2 protein chains.
Amino acid sequence: MSRLDSFIRRLQAQRACLDHAAELIGEVDGVVLELGLGNGRTYDHLRTLFPGREIYVCERQVAAHPDCVPPAERLILGDMRDTLPAAGARLGGRVALAHLDAGSGDAEANCALAAALTPLLLPLLQKGAVLVSDPTIENPGLAALPLPDGVRPGRYHLYRRISPVRS
Amino acid sequence: MSRLDSFIRRLQAQRACLDHAAELIGEVDGVVLELGLGNGRTYDHLRTLFPGREIYVCERQVAAHPDCVPPAERLILGDMRDTLPAAGARLGGRVALAHLDAGSGDAEANCALAAALTPLLLPLLQKGAVLVSDPTIENPGLAALPLPDGVRPGRYHLYRRISPVRS
């Protein structure tokens with residue numbers, strides 16, 4: 001498989017997971033949180049999926065297509081390791097869907113970033129919220145969900161926010 | 001359609017056209033020329049399609065994944081408006097397939113660049129060569145070819161090198 005093949009499959013998996021997550025949170029109130037704007041393509045897809053929900057976007061430095069930049073009041077600028085804790089006052093427990101694809105082409109670095117961000121993200125998630133993620137995440141507050149048809153396990157990830165069993 | 005949808009369709013169209021072009025040039029001798037390396041995904045796809053052909057790549061400044069950088073002897077560095085004429089000595093009449101996707105996200109600028117490059121590219125093309133192009137190209141030395149199934153007209157382009165009728 002060429003890198004072009006692999007990239008197309010990854011984008012198809014991403015889209016299938018986002019579309020599926022939109023169904024999964026049909027009954028869950030709350031806003032959408034995009035962790036990493038990038039070129040804005042996924043943000044644009046989220047806008048079409050969720051015309052009735054507020055979509056917040058975390059990004060260090062905006063470099064998206066001008067059509068795909070969120071309004072200033074929903075743009076959370078800065079390093080997410082700083083901005084996610086600070087967003088608690090506004091978004092704590094209010095997020096129904098979060099999407100994490102903040103990474104580089106380096107899978108190991110992406111997993112490390114996801115591991116660092118997850119504990120900061122969990123307090124923002126509504127009960128029953130869904131997290132769609134490029135990197136694998138292991139956290140007792142998240143349960144892996146089945147992937148939609150056609151998405152190979154490991155290519156993209158879906159998690160449900162759960163209440164961890166306290167030991 | 002979101003920008004994510006549109007991007008996926010564009011990449012699928014690009015791949016379908018390259019795969020189809022590989023069949024079309026089955027009987028045409030010659031090398032492959034990639035006009036613009038970018039991140040190297042398409043170059044990688046060309047490598048899988050043409051293991052037996054030399055693949056030359058024009059690029060102003062290499063910024064591809066290290067696995068997707070062609071060997072130095074097949075990398076033509078510089079502005080293509082300068083390097084294509086200079087490549088005549090080495091590649092004149094030897095190219096069986098060229099792929100042009102050198103552009104930005106600006107469709108108008110891409111068409112202007114394609115119009116500027118086409119007269120420089122034509123002398124490199126073998127008789128019967130195929131040009132796969134993101135931008136539309138109008139030139140009497142090129143005849144538009146039917147697109148493969150599933151590719152909407154205008155989304156990507158296929159041309160065959162022909163001998164223009166002299167007036």
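A, B, ... follow the sequence lines: proteins, then strands. Residue 1 opens every chain. The structure presented is a predicted model; accordingly, all values stated were derived computationally and were not measured.
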Fill in: For chain A, which residues of residues 67-78 of chain B have heavy atoms nearer than 4.5 angstrom
B:Asp67, B:Cys68
Practice prompt. Please determine, among B:Leu18, B:Thr48, B:Leu11, the option with the most heavy-atom pairs under 4.5 Å with chain A.
Written response: B:Leu11
Practice prompt. Under the side-chain contact (heavy atoms from CB on, under 4.5 Å) rule, what do B:Gln14 and A:Leu4 come out as? Steps first, then yes or no, please.
Written response: CA-CA 10 Å; B:Gln14 180 188 68; A:Leu4 179 60; 3.6 Å; yes
Discussion item. For A:Arg10, is the CZ atom crowded, meaning more than 12 foreign heavy atoms sit under 6.0 Å from it?
Written reply: yes
Discussion item. If I take atom OG from residue B:Ser2 and atom CG from residue A:Leu49, how far apart are they, to the nearest 0.5 angstrom?
Written reply: 7.5 Å
Worksheet item: Among the clusters formed by ILVMFWY side chains lying less than 4.5 Å apart, do A:Leu125 and A:Val32 turn up in the same one?
Response: no
Worksheet item: Can you list the steps and then say if A:His65 with B:Arg3 is a side-chain contact (heavy atoms from CB on, under 4.5 Å)?
Response: CA-CA 10 Å; A:His65 192 282; B:Arg3 280 181 179 269; 3.0 Å; yes
Worksheet item: Is A:Tyr56 reachable from A:Leu120 through a run of hydrophobic residues whose side-chain heavy atoms are each under 4.5 Å from the next?
Response: yes
Worksheet item: Are B:Tyr156 and B:Ile25 joined in one hydrophobic group, where the rule is that I, L, V, M, F, W and Y side chains link up if heavy atoms are under 4.5 Å apart?
Response: yes
Item to complete: Verify the neighbour count for atom CZ of A:Arg90: are there more than 12 heavy atoms of other residues, nucleotides or ligands below 6.0 Å?
Response: yes
Item to complete: Can you measure from CZ (A:Arg15) to CG (B:Asp5) and round to the nearest 0.5 angstrom?
Response: 5.0 Å
Response to the item:
Interatomic distance, CZ@B:Arg41 vs CD1@A:Ile8, rounded to 0.5 Å, equals 9.0 Å
Practice prompt. Following the transitive rule for hydrophobic clusters with a side-chain heavy-atom cut-off under 4.5 Å over Ile, Leu, Val, Met, Phe, Trp and Tyr, establish whether A:Leu122 and A:Leu97 coincide in one cluster.
Written response: no
Worksheet entry | CG-CZ distance between B:Asp44 and A:Phe7, expressed to the nearest 0.5 angstrom | 13.0 Å
Worksheet item: If you draw a 6.0 Å radius around CG in A:Asp149, do more than 12 non-hydrogen atoms from other residues or ligands fall strictly inside?
Response: no
Item to complete: For B:Arg155, look at atom CZ and say whether over 12 heavy atoms of other residues, nucleotides or ligands are found less than 6.0 Å away.
Response: yes
Worksheet item: Is it true that A:Leu147 and A:Val130 fall in one hydrophobic cluster, defined by side-chain heavy atoms closer than 4.5 Å?
Response: yes
